[in-house]
Every structure is written in structure tokens, then in C-alpha cells.
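The structure under discussion appears below in the form of C-alpha cells.
One is the number of the first residue; the rest follow in order along the sequence.
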Amino acid sequence: MGLKKDTLFLEICGQFIKNATILETDKSDSQSIYDIHFISIYFSNINIVFHKLNIKFENCTFVYVQIFANGDDEELNSKFTFVANIWIKFASPIQLFRFTTVSFHQNQIINLKKVVKETFLSAVNISLLSIMGAIFNNLTSGTLMKIHNCKEMIIRDLDMTDINIEQDFSAAIVTSVTDKITVFLSKFSDIKGTIFHVEHVNQFDVKDSEFVSCLRRGCISVTMDSRYPRNIINILNSSFYHCVSVENGGGLSVKVASSPDALDIGLLNNNRKMPLSISIVKSIFSNCTSRKDGGAISIINRLSGNIKVFIVYSIFKSNTAYLMGGSIYGHGLSLLGISFCKFDRNVAGLYGGALCAMENNALLTLNSSFTNNKVRKKGGVFYVHYSSSIKYVGCIFLRNNGNIFHDVMKTSGGCIYANNVTKLQIHQCNFATNMARKGGTFHLENINLFYASECIYVKNQALLGSAIYITKSVLLLNTKTNFSSNKALQA
């Protein structure tokens with residue numbers, strides 16, 4: 001379809017349109033309208049089908065409206081824009097295909113709790129999808145947005161409140177095969193269902209956003225493809241409060257997999273050298289719960305691949321995992337780095353009151369504090385199973401694993417339980433008033449080398465090993481290590 005210089009512009013405003021079908025399908029006419037602008041129109045029971053290049057709705061009201069639009073020619077700069085519209089009692093209203101730019105700004109969507117199983121917005125083959133200043137409120141529906149094969153998706157100032165996702169395994173926003181997704185300055189609250197379900201993305205950024213009372217399956221679920229050239233997740237200055245998942249990760253759940261869908265937009269790089277990277281900076285996870293692993297965060301890699309996780313200047317408080325990792329669960333990571341973080345009052349039902357690391361290559365913890373964390377079995381703060389290297393520097397462990405005369409009698413490692421580790425290093429750390437049945441601070445098994453220097457152990461208690469309980473390991477303690485007032489209740 002070619003455009004001529006005399007392409008027309010049509011503007012329609014101030015109308016009331018009801019019980020009609022607007023159909024524009026003549027793509028052969030070179031004189032067909034290029035720009036269509038609808039202003040302040042009340043649409044009711046309308047079915048609209050477009051094969052135009054530029055369409056814009058502004059200050060319109062939609063009641064039971066369905067819109068189908070096709071951008072036709074990808075070589076042309078095709079645009080579809082919604083500005084300051086109101087959607088009431090929608091029923092599968094928007095389906096968009098092959099547009100260069102789709103903008104959805106300052107729209108308000110109110111469904112008055114009517115159950116709608118169809119998707120509000122479906123978009124396929126979009127170069128740029130921009131959602132800004134939109135309000136989704138008081139909705140009971142299936143998936144609100146389904147986005148596939150989108151090069152870039154930007155969500156800003158989105159307010160999503162009181163949403164009930166009817167389908168158990170669905171989410172408010174579902175994306176697949178997307179190059180870059182950015183979410184910032186947005187708020188999500190009282191959501192029954194997952195907010196974001198993201199599959200196979202190159203880069204996913206969440207900045208300056210808030211997630212409150214997101215129930216059922218956690219806030220964000222991401223499937224990363226180890227063959228993608230970048231594979232980056234960044235969470236910056238965001239907060240997660242009272243988020244619950246019946247699976248893993250009340251706030252964030254990440255799984256590493258591979259999919260042939262990546263071929264759709266040529267994202268694969270089978271000779272990749274860069275690692276998958278997950279960064280969490282200046283964020284808060286509080287009162288998040290998982291009925292499985294990772295009360296706040298779960299990251300699972302069961303494939304071969306280089307995955308690095310960095311958590312910096314963040315707070316984890318009062319998170320709970322029914323099984324492993326009260327705050328964080330990591331499996332199959334090449335590096336898990338924690339720096340300048342605070343972990344307080346986190347609880348796990350089995351292993352790792354604050355963190356559980358399974359089959360990771362390296363765990364590095366710097367200048368962080370761990371207080372009042374609890375576990376029922378092993379590792380009041382950390383549970384580490386199979387690792388090449390573990391290192392703690394400048395950390396504080398205080399009052400972990402609760403009252404020694406109650407459930408703590410069944411636990412091992414008031415602070416750290418480590419098994420099958422090549423090298424464990426601890427430098428300039430303080431351990432005070434931690435408790436367990438075996439090892440008030442550490443319970444170590446099958447450790448090739450344990451090296452501690454310039455550490456302080458004060459008033460830690462256990463039945464066996466007031467400070468450290470070790471079996472089948474090599475122990476080397478630096479002379480500057482200080483043991484004071486630790487108490488073993490059984491010889």
C-alpha cells in the first residue's frame with residue numbers, strides 16, 4: 001500500500017454512536033484516509049474494524065466496544081493511539097496487529113466487577129507499545145493484556161487496583177518473545193493473581209514501582225532463555241509488600257528455560273558469552289509468602305548456563321517460605337552476591353530462614369546484617385548445599401533461630417548450615433546470641449576448607465557446639481578470632 005502526498009486527514013468529534021459497525025477494509029484505494037482522529041465520542045455496542053495506518057481516539061467513552069486494527073504495511077510508520085479515554089463494561093475490546101507504535105495513555109478502565117474472560121488488549125508484532133498514566137480499577141477478568149513479539153514495551157504511571165484474575169494460571173499482563181520491557185513509577189495493589197507473566201525477554205526493568213497485596217501466584221513471573229544475547233532483569237528502588245504465591249517466590253519468580261519461539265524475532269545467540277544477569281538494588285521485600293520456596297524471591301536454573309544474581313542495598317523483612325529460603329531461594333546459579341542488605345524476621349519451614357542456595361557455584365555476602373531469622377530444621381539464616389565457594393565479609397548475625405527451649409531444639413546451624421562445600425571463608429563477622437541444637441552459629445558437613453579470621457562469637461548457645469559444630473571437614477581458625485560466653489548445654 002503506497003501513500004500519496006494528498007493523503008487525507010479525517011477528524012470526527014462530539015458524536016454519539018450506538019449499535020453500529022464501523023468497517024474500513026479497502027486497502028487498494030491509494031486515496032484512502034491516512035489519519036483518523038475521534039474526539040469526545042460516546043461509543044456503545046460498536047464493532048470497529050480498521051485497515052488504516054494512523055488512528056487516534058481521544059476523550060472517548062467506550063461501552064461494550066470491540067476494536068480490530070491492522071497496521072497493514074510494516075515498512076510504513078503506522079500508529080494507533082488512545083488518549084484519555086474511559087472504558088466501561090468492556091468485552092474483548094482491542095486487538096492490534098503489525099503497528100510501528102501503539103500508545104495507550106491516561107485511559108481509565110472500570111469494569112464494575114463484571115466477569116470478563118476475554119483479554120482487554122491483545123497486541124502482536126508491535127515495534128513500540130507505550131502504556132502511560134492508565135488506571136485499571138475494580139475488575140474481575142481473565143488476562144488484561146496479552147503481548148507477543150513486541151520489540152519494546154514501556155509502562156509508566158500505571159495504577160492497577162482491585163483486580164481479580166479469574167484464571168488460576170493466568171496473569172494481568174502476559175508477554176512473550178519481547179526484546180525489552182520497562183516498568184516504572186507504577187503501583188499495583190489488591191491483585192488476586194500474578195501481575196506480570198513474562199516469557200523469553202532480553203531485558204526486563206522494574207524501577208520506582210510498588211506492589212502491595214498481590215495474592216495467589218506472586219507479583220512477577222519470568223521465564224528466561226539462556227540462548228538470548230542479553231537476558232537481564234533489573235529491579236531498582238521498588239517495594240513488594242504482602243505478596244503471596246502458592247508456588248515459588250511471593251515477589252519475584254524466575255525460571256531459566258529455552259524456547260523455539262525465540263526464533264520469531266531473531267533474539268537467539270547460540271554462541272553467547274555474556275551471563276544471564278539479575279540485579280536487585282535499593283528494594284524492599286516485606287511480609288511476602290511462598291507456599292513452596294523463596295518467600296520473596298525464587299530463581300531456578302536447571303539448565304547449564306552462566307547466571308549471576310546481585311542484590312544490593314535491599315531490605316528483606318518478615319518473609320516466609322513454607323519449605324526453603326524464607327526470603328530467597330537460588331538453584332543452579334554461577335554467582336549469588338549480596339551486599340549492604342538487611343534480613344530481619346524471615347522464616348522457613350525446612351531450610352534457610354533467610355536464604356537457601358542449592359547447587360550454586362559461588363555465594364558472596366558483604367557488609368550485611370541478619371537478625372531474628374528462624375528455621376524449623378537447618379540453617380537459621382543460610383542453608384547451602386553443594387557450592388564451590390562461600391564467602392562472608394563484614395556481616396552481623398544477631399539473635400537468629402529464636403528460643404532454644406522451643407522449636408530451636410530441632411535445628412542445626414543457628415546462622416549457617418553448609419554441606420558439600422569446597423571452600424568456606426568468613427572474615428570480620430560478628431555472631432551474637434544465636435541458637436540451635438547443633439552449632440549455635442555453624443553446622444558444617446563435608447567442607448574441604450573452612451577459614452575464619454577476625455570474627456567474634458559472643459553468647460551463642462547450642463546443645464552441641466555452642467558456636468561451631470563440624471563433621472567431616474577441615475578447620476582453620478585465625479588467632480584473631482574471639483570466642484566469649486558461648487554455651488553448650490550438653491558436653
Side-chain angles (χ1 to χ4, degrees), residues 316 326-327 338 341-348 350-357 363 365-385 390-419 421 424-447 449-491:
F316 295 83
S327 280
I338 299 172
C341 293
K342 295 180 180 180
F343 290 78
D344 182 51
R345 301 181 188 279
N346 302 287
V347 179
L350 291 179
Y351 305 142
L355 186 148
C356 179
L363 171 63
T365 308
L366 306 175
N367 301 303
S368 298
S369 65
F370 304 89
T371 57
N372 302 299
N373 300 286
K374 297 181 180 180
V375 72
R376 288 187 179 274
K377 289 194 174 182
K378 297 179 179 181
V381 179
F382 285 88
Y383 177 92
V384 184
H385 181 65
I390 305 174
K391 190 172 184 178
Y392 300 94
V393 178
C395 295
I396 297 175
F397 295 82
L398 180 65
R399 296 188 303 273
N400 295 291
N401 230 354
N403 191 325
I404 196 168
F405 297 108
H406 291 87
D407 287 344
V408 75
M409 292 291 287
K410 303 176 183 178
T411 62
S412 296
C415 296
I416 300 169
Y417 176 91
N419 185 18
V421 175
L424 172 58
Q425 301 177 78
I426 302 172
H427 181 63
Q428 293 182 342
C429 293
N430 292 342
F431 301 87
T433 60
N434 303 289
M435 302 179 182
R437 181 176 182 272
K438 292 182 180 180
T441 60
F442 304 125
H443 182 166
L444 308 179
E445 294 187 54
N446 300 305
I447 310 297
L449 173 62
F450 172 42
Y451 178 77
S453 63
E454 300 182 40
C455 294
I456 298 174
Y457 303 83
V458 179
K459 295 183 179 180
N460 302 288
Q461 297 185 47
L463 288 180
L464 299 170
S466 59
I468 303 173
Y469 183 90
I470 299 177
T471 60
K472 302 178 183 178
S473 303
V474 176
L475 171 63
L476 172 61
L477 289 178
N478 189 285
T479 55
K480 293 183 181 180
T481 298
N482 181 7
F483 291 88
S484 176
S485 302
N486 300 288
K487 184 177 182 180
L489 301 185
Q490 182 174 320

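The shortest non-hydrogen separation linking Gly394 to Cys429 is N-SG, 3.8 Å. Of all heavy-atom pairs spanning Ala462 and Gly439, the tightest one is CB-N, 3.8 Å. When all heavy atoms are compared, the tightest approach of Ser412 to Ala436 is C-CB, 4.4 Å.
With rounding to the nearest 0.5 angstrom, the CG atom of Asn346 is 5.0 Å from the CG atom of Asn373. Of the inter-residue distances, the one linking Glu445 atom CD with Lys438 atom NZ reads 7.5 Å to the nearest 0.5 angstrom. Once rounded to the nearest 0.5 Å, the distance linking NZ of Lys391 with OG1 of Thr365 reads 11.5 Å. Considering NZ of Lys374 and CG of Asn400, their distance stands at 10.5 Å, rounded to 0.5 Å. Thr371 OG1 to Lys342 NZ: the interatomic distance, rounded to the nearest 0.5 Å, is 9.0 Å. We find the CG-CD1 distance between Asn367 and Ile338 to be 12.5 Å, quoted to the nearest 0.5 Å.
Ser466 meets the side-chain contact (heavy atoms from CB on, under 4.5 Å) test with Asn486, Ala488; sequence neighbours excluded. Looking at residues two or more places apart in sequence or on another chain, you find a side chain to side chain donor-acceptor pair (under 3.5 Å) between Asn372 and Asp344, Arg399. In this structure, the ring-ring contact (aromatic ring centres under 6.0 Å, His included) partners of Phe431, at least two apart in sequence or on a different chain, are Phe397, Phe442, Tyr457. Under the side-chain contact (heavy atoms from CB on, under 4.5 Å) criterion, Ser484 pairs with Val458, Asn482, sequence neighbours left out. Evaluation of the side chain to side chain donor-acceptor pair (under 3.5 Å) rule for Gln428 yields Glu454 as partners, not counting sequence neighbours. Every residue was checked against the side chain to side chain donor-acceptor pair (under 3.5 Å) condition with Asn430, not counting sequence neighbours, and none meets it.
When Tyr417, Phe382, Phe450 are each tested for a ring pair (Phe, Tyr, Trp, His ring centres under 6.0 Å) with His443, only one passes: Tyr417.
Side-chain contact between Leu398 and Thr433: present, with at least one pair of heavy atoms (C-beta onward) separated by less than 4.5 Å. A 4.5 Å side-chain heavy-atom check between Asn401 and Val375 finds at least one atom pair inside the cut-off.
Under the 3.5 Å distance criterion, the side-chain polar atoms of Ser368 are matched with a main-chain donor or acceptor of Cys341. Asn460 places a side-chain N or O within 3.5 Å of a backbone atom of Asn434 that can act as its donor or acceptor partner.
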Candidate pair Ile468 and Thr441, rule side-chain contact (heavy atoms from CB on, under 4.5 Å), full reasoning: CA-CA 6 Å; Ile468 303 173; Thr441 60; 3.9 Å; yes

